[in-house]
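In what follows, a single structure is set out as structure tokens and then discussed.
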Amino acid sequence: MQNKQHFGVIGAGVVGAGIAWHLAKRGHRVTLLEQGSVPNPISASFDQHRLTRRMYPGQPHYARLMDECYAAWADLFAAMGEDHLERCGALSCSAIVGDWADRGRKVLDEVGARYELLSGRDVEQRYPFLTPGRIRWAVLEPDGGVLLADRITTDLARLCAHADVEVRANTRVTSVKKETGTAVTETGDEFTFDKLVVATGAWIPQVLPDLGSEVGPCRNVMVYFDPPAEFAEAWKKAPAIIDFGGPEEVWGAPPVRGTELKLADIGVRGSAEAGSRAEASAGELSTIRQNLAGVLKDFDRYRLKRSMVCWNHDSPDSRFMLKRDGRVVMVSACAAHGFKFGAWSASWAAKALAEEVPFDKAARHMAGLDQ
Ligand SMILES: Cc1cc2nc3c(=O)[nH]c(=O)nc-3n(C[C@H](O)[C@H](O)[C@H](O)COP(=O)(O)OP(=O)(O)OC[C@H]3O[C@@H](n4cnc5c(N)ncnc54)[C@H](O)[C@@H]3O)c2cc1C
């Protein structure tokens, strides 16, 4: 290798830990700084499931990038020795003209994606837990499904350790010095690197306040349920339900490979500093229940097990960002659709940091602006 460097990476989510591993594998010295444990249960990357799909209404650039994305997961799973993607399919239902799936199907056709079109009747027969008579049609993507997020971030931590990444858990960075590549921690310690990567997800504005206007942290509530006994088997075989159709914004992760059934409502979210308001309120739970009752048959018999609050961030156009200022590089791939791109984002950011591809080219590719 021509130029061996010392990289600091702040944040051990799927993006930061992935970048650290890619750089260490290339022979660079890497130090990973994480405010909590590694992986951290409050990170966006640590939950039982994250869904993957090609359906991208209004964002054909990301639909096109899904082939690269699936290839990046295959490479990562080969290194882990375990495939953490359950290809149970991704189902997007349409209940009214112009809803999310109706707009998304046009994008799938535009990019030439393969999918199965199910009639309303097919949907009712295959998925008996859905409210009958609501769905016009549904799109089933065969290569979509569930990424077992917490198992992936746990294995990434193991890969980092094997690649001799120096992991500093419980090390919260409070500020960075861009000219020198220095991370300053809450205890006043300073660590200086050739290049310092900020991959702190929803916490980016806390570490890099000048970016606060571009990426806003967002708080989301998810709920784990036990379904009524007669639907338990159908749920176990169900696809990832990306959208239940209609104006409601509810989605569901099936209980695959020992995980639990998780249901959520995109509408129950709001801007809030990452780490704040970690409990779901009674009002939020009531809204989620109300919206689920419209799309799930006999929903009043589902048993609420627990709720969970999780933070991601978003930019106005939901495009991933790779930016540099002095010796500091910021990677923002924590948009609400960022986990499925986690392996791919880490790989592209690492290629740019290792100077294998021009930085601006990698930044344009990650934002989907080079198509
Ligand atoms: C409720 C919810 C549902 C989602 N569903 C999907 C989905 O179905 N499909 C999908 O593709 N994506 C989904 N996402 C988005 C996806 O989870 C994120 O895009 C992705 O996990 C972001 O990874 P990250 O590494 O950028 O951030 P994170 O995983 O949040 O990691 C950031 C890390 O930085 C650490 N950190 C923060 N500040 C500091 C500091 N000052 N010092 C040191 N360490 C620090 C944190 O502790 C954390 O470990 C969802 C997100 C949420 C919240």
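Indexing begins at 1, ligand by ligand and atom by atom, following the structure's order.
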Give the residue and atom name of whichever protein heavy atom lies nearest to [atom], and the separation in Å to one decimal.
| atom | value |
| --- | --- |
| atom 16 (C) of ligand 1 | F339 N, 3.4 Å |
| atom 8 (O) of ligand 1 | L51 N, 2.8 Å |
| atom 35 (C) of ligand 1 | E34 OE1, 3.2 Å |
| atom 53 (C) of ligand 1 | N220 ND2, 3.5 Å |
| atom 11 (O) of ligand 1 | K340 N, 2.7 Å |
| atom 17 (O) of ligand 1 | R50 NE, 2.9 Å |
| atom 38 (N) of ligand 1 | W203 CB, 3.2 Å |

ask   = Taking non-hydrogen atoms only, is P39 closer than 4.0 angstrom to ligand 1 via side chain, backbone, both or neither?
value =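 Answer for P39: neither.
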ask   = Would you call the rings of H337 and F341 parallel, tilted or perpendicular if under 30° counts as parallel and over 60° as perpendicular?
value =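 Aromatic pair H337/F341 classed perpendicular.
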Could you name the option among [options] that has the heavy atom nearest to [atom]?
| atom | options | value |
| --- | --- | --- |
| atom 36 (N) of ligand 1 | Q35, R53, E186 | Q35 |
| atom 30 (O) of ligand 1 | A17, A149, A44, G201 | A44 |
| atom 42 (N) of ligand 1 | V173, V9, L33 | V173 |

key: Sub-6.0 Å ring centroid separation between W235 and F231   = no
ask   = Between W348 and H22, does the ring centroid distance fall short of 6.0 Å?
value = no
key: Student check: side-chain heavy atoms of R114 and P142 closer than 4.5 Å   =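 Side chain of R114 against side chain of P142, heavy atoms only: contact under 4.5 Å found.
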key: salt bridge (Lys or Arg N to Asp or Glu O under 4.0 Å) assessment of K195 paired with E355   = CA-CA 12 Å; K195 282 184 196 143; E355 295 166 26; 2.8 Å; yes
Which of the atoms of ligand 1 are close to [X], meaning less than 4.0 Å from one of its heavy atoms?
| X | answer |
| --- | --- |
| V15 | 24 (P), 25 (O), 26 (O) |
| C334 | 19 (O), 22 (C), 26 (O), 27 (O) |
| M222 | 1 (C) |

query = Between the side chains of S119 and D122, is a donor N or O closer than 3.5 angstrom to an acceptor N or O?
reply =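 The answer is yes; a qualifying pair exists.
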note = Rounding to 0.5 Å, atoms NE2 (H49) and OG1 (T259) come to a distance of 3.5 Å
query = Would you say A335 touches ligand 1, if touching means a heavy atom closer than 4.0 Å?
reply =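 Yes, that is the case, since the closest heavy atom of the residue is under 4.0 Å from the ligand.
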task = Say whether T171 and ligand 1 are in contact under the criterion: heavy-atom distance to a ligand atom below 4.0 Å.
result =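 It does; at least one heavy atom falls under 4.0 Å.
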